[in-house]
Undergrad: 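I have a structure here, written as structure tokens, and I will follow up with some questions on it.
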Amino acid sequence: MLHFILWRTGRAIATVLLVLAGCFAAIRMAGSPVDILYPDGATPEQIVEMEREWGLDKSLPAQFAIYLGNLARGDFGVSIIERRPVTTVYAERLQPTLQLAGLALLLGTAVGVPLGALAALRRGRPEARAAMGIAFLGYAVPHFIIAIVLILVFGYHLNWLPSTGAKTPAHYVLPAITLALPLIAATARYMRSTMLDVLNQDFVRTARAKGLPESRVIGLHVMRNAVLPLITVLGLEVAGLINGSLIVETVFSWPGLGKVLTGSVSRRDFPILQFGVIAYSFAVVGVNLVVDLLYAVADPRVRVTS
Amino acid sequence: MKQRIDGARAGALALAFALVTPLAAQPVAAAELRVGVASHVRSLDVNEATGNNEAQMLHNLFDTLIERENYTAPLKFVPGLALSWKMVAPTTMELKLREGVVMHDGNVMDAEDVKYSLERVFAPKDPRFRASNGRFFYNFKSVDVVDKSTVRIHTTRPDPLMQTLLSARNAGITSRRYVESVGLDKAGLKPVGTGPYKVESLKPNEEAVLVRHDKFWGPKPPFDKITYVRIPEVAARITALVNKEVDFITNVPPDQEAAVRRVKGYRIVGGALPVFHVWVINMSHPQMASPDLRKALNLAIDREKLVKALWGGRGKAPKAHQFVEYGEPMFMPDMNYYRFDPEGAKALLKKAGYKGEPIEITFFPEYYLYGDLGAQAIADMWKKVGINVKLQQTEPFFGSGDHTKVMMRPWSNPMYYPDPMGAFDTHWSEKSWVTSRGLWKPTHPDWKATYEKARFATDAKERTGAYRKLQELADAESGWIVLYQPYEGYAMRDDIEWKIPTAQRPYELTFRAGQVAMRGR
């Protein structure tokens, strides 16, 4: 088990470093932050001065080596645009993003799992078809369309719910639903298909044959086995939640990490963007790592194989 | 049974309604003005921040020594932090300061604060003040403190624009003791000025909260509090307005105005801003070397049609590089250089020996609103006169970008102050980056001398004449293509009385006493 954990952790760190190197090079090729700070055009002296100040006059490998050295000392740098430590900028925005993603995850599983189970158990009936129809719709429509429709209906036309900011609990409703809808859809679809698989397994037939009540067959044998692959899917969906939140946070003016990250791309704020990439890669890789480990805990066969 | 179901349904609906309706946004007390802005600020250092975003707030926070009447053209100057001023030498202005002005940090403003604030931009030691210096203050030299309430401001050369430039918001006065004690970065996040509002909090690129400065020297401002919140999406911005989450929003494009107009209780204030969207022709590119070709490109654009199609007729098709905000005589209504003349364009193309070589338009898809649509429309217009056009979409780049292969690129020319030089000097002077990069290189032998006169002649008539000649020379060079003046729409509660100030740079939101009012208050 220790070997398994070490191997997976090492691979996760290598992945993050690879992503960081790619991002480091790519954003520097996209243009200079000087253009954003001086959109009317900087003088040649200003350009030289600023590039020296931010170490942009050095070669790309030299810049990367310096950056890695700073990272090793726990120094993530200072925002070029905001002139504040990168960690301070992110710390201010972490809580709203986690709250929103957590709420969406809760909604997604609380609604998606029963919906998928219902669709599997009532297969072929109208209610199952309706459930899956809704799921397909939720899966197919992108976040920004859902967001705009919700804003128009509940904000613009009905004036029931606020559409910008994160000041009161009411502000959470529309962005959380926007983020949760595709998750509900994905969870329901996977839950349905894995349940249908499990329902056809021999051990389910055996459980029924030995006279267990249907509720116990479903609760004890079917659901437990069907939920296993769902852990993987939910892990991937957490990454999707983070990605989705970039758009949702922009549309709803949510004061979270997504807004910082998208803003740093358009403003070419390299230190902010690099930290964002590290953090997001760690989130995605970390979630996958946790999923792998959970899998090993939940299914003894994984441990044996590894 | 049916009745029971209906009853249950009604109960559920009532419960849902009860749960949801208290959550809906409630209007706040009228003493607060909540503004939804499309883009926000990273810092509010008055001497540094020259961008459009900061212009939305700085007017309300900082005073200048000399102020302008908000709607008068040509400019009319009124006392600000200086009660009086006079030229004591051709390059020296003496100003008597207002006494007892309490700053936002509680200190009383004196001549040392004036010297500290202005010398940051007159002779910048920190590179962050260079943009401000280059745009406004490059001819200013120093500030002498005569006594606690008297200063003398020196310029390098006699400057006909001295009052105009000293009344630009970037000549605002901040507290020396405060900035020196907390440092530039922190002072930018919680700036200290002397204006009617002070910053309570600033979350960069997200929210700024301004509260009334109770010890303001002038008339009491109309609001206790102003909140600027960033709402980048236009649909979300309009919804926030009609949902009573904010009272005032910026940047409502013409095609979205109907969404505001159809809701009772709101109105739109808009107009063509004193900004030009421009294409700079790279005169150093061998293919763009012919002035006849460049002139032909200019003549082949139907600007009226562009304004109608892109801006719903609400922008403005200019006839020369000038804005009505200058006021006469500097604004010259008879000037008409930007004609649509496709036959003339064809003749000039022939004269230039144009043989259908591809001409590439570089454009930034979203940086300038409708820039992509404009590029496509102009490409069609040019094709009609026989020009082989190619469109090249890129990320925005400016002075630091590689321009060697660029034939023409988009830009904007805002009016930083209501004078011909307010739109001309930053963009087309010798110090401009388009000049240093060789994109703009005027060839006429009279250009330099004429420019000097248009900028520095102290005789008003001589300066007006030089500016008229400068326009003629610029037209002969045809080194740039002025497209249109974009439209800016502001939507607000219909009990708010506000109009776009014409004596200030574009995008300023003016919320001082006498500049905005809420009816019934």
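Quick caveat, the model's predicted, so the values are computed rather than measured. Reminder, nothing fancy here: chain letters follow the sequence lines and each chain counts from 1. We use all heavy atoms of the structure for the numbers below, so side chains are in, but hydrogens, waters and symmetry mates are not.
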Undergrad: Please classify the contact between A:Ile151 and chain B as side chain, backbone, both or neither, with a heavy-atom cut-off of under 4.5 Å.
TA: both
Undergrad: Using non-hydrogen atoms and a 4.5 Å limit, figure out which bit of B:Val242 sits close to chain A: side chain, backbone, both or neither.
TA: both
Undergrad: Report yes or no: do B:Glu245 and A:Ser163 form a side-chain donor-acceptor pair below 3.5 Å?
TA: yes
Undergrad: Test your reading of the model: is there a side-chain donor-acceptor pair from A:Thr164 to the backbone of B:Ile231, 3.5 Å cut-off?
TA: no
Undergrad: Quick one: what part of B:Asp185 sits under 4.5 Å from any heavy atom of chain A, side chain, backbone, both or neither?
TA: side chain
Undergrad: Does the side chain to side chain contact (heavy atoms under 4.5 Å, CB included) test come out yes or no for A:Arg93 and B:Glu206, once each step is laid out?
TA: CA-CA 11 Å; A:Arg93 268 90 168 183; B:Glu206 197 176 306; 3.2 Å; yes
Undergrad: Give a yes or no on this: more than 12 heavy atoms of other residues, nucleotides or ligands lie within 6.0 Å of atom CZ of B:Arg261.
TA: yes
Undergrad: Is A:Tyr156 reaching over with its side chain to a backbone N or O of B:Ala236, donor-acceptor style, under 3.5 angstrom?
TA: no
Undergrad: Counting heavy atoms not belonging to B:Lys431, are there more than 12 under 6.0 Å from its NZ?
TA: yes
Undergrad: Nearest 0.5 Å, what's the CZ-OG1 distance between A:Phe252 and B:Thr239?
TA: 9.5 Å
Undergrad: Taking all non-hydrogen atoms of both residues into account, name the closest pair between B:Glu233 and A:Thr250 and its distance.
TA: CG-O, 4.4 Å
Undergrad: Please name the pair of heavy atoms, one in A:Arg84 and one in B:Leu189, separated by the smallest distance, quoted to 0.1 Å.
TA: CD-CD1, 3.5 Å
Undergrad: Let me know if B:Arg437 has heavy atoms under 4.5 Å from chain A in its side chain, its backbone, both or neither.
TA: side chain
Undergrad: Between B:Lys186 and A:Glu82, does at least one N-O distance fall below 4.0 Å, as a salt bridge requires?
TA: no
Undergrad: Determine yes or no for a side-chain-to-main-chain donor-acceptor pair under 3.5 angstrom, with B:Asn243 supplying the side chain and A:Leu161 the backbone.
TA: yes
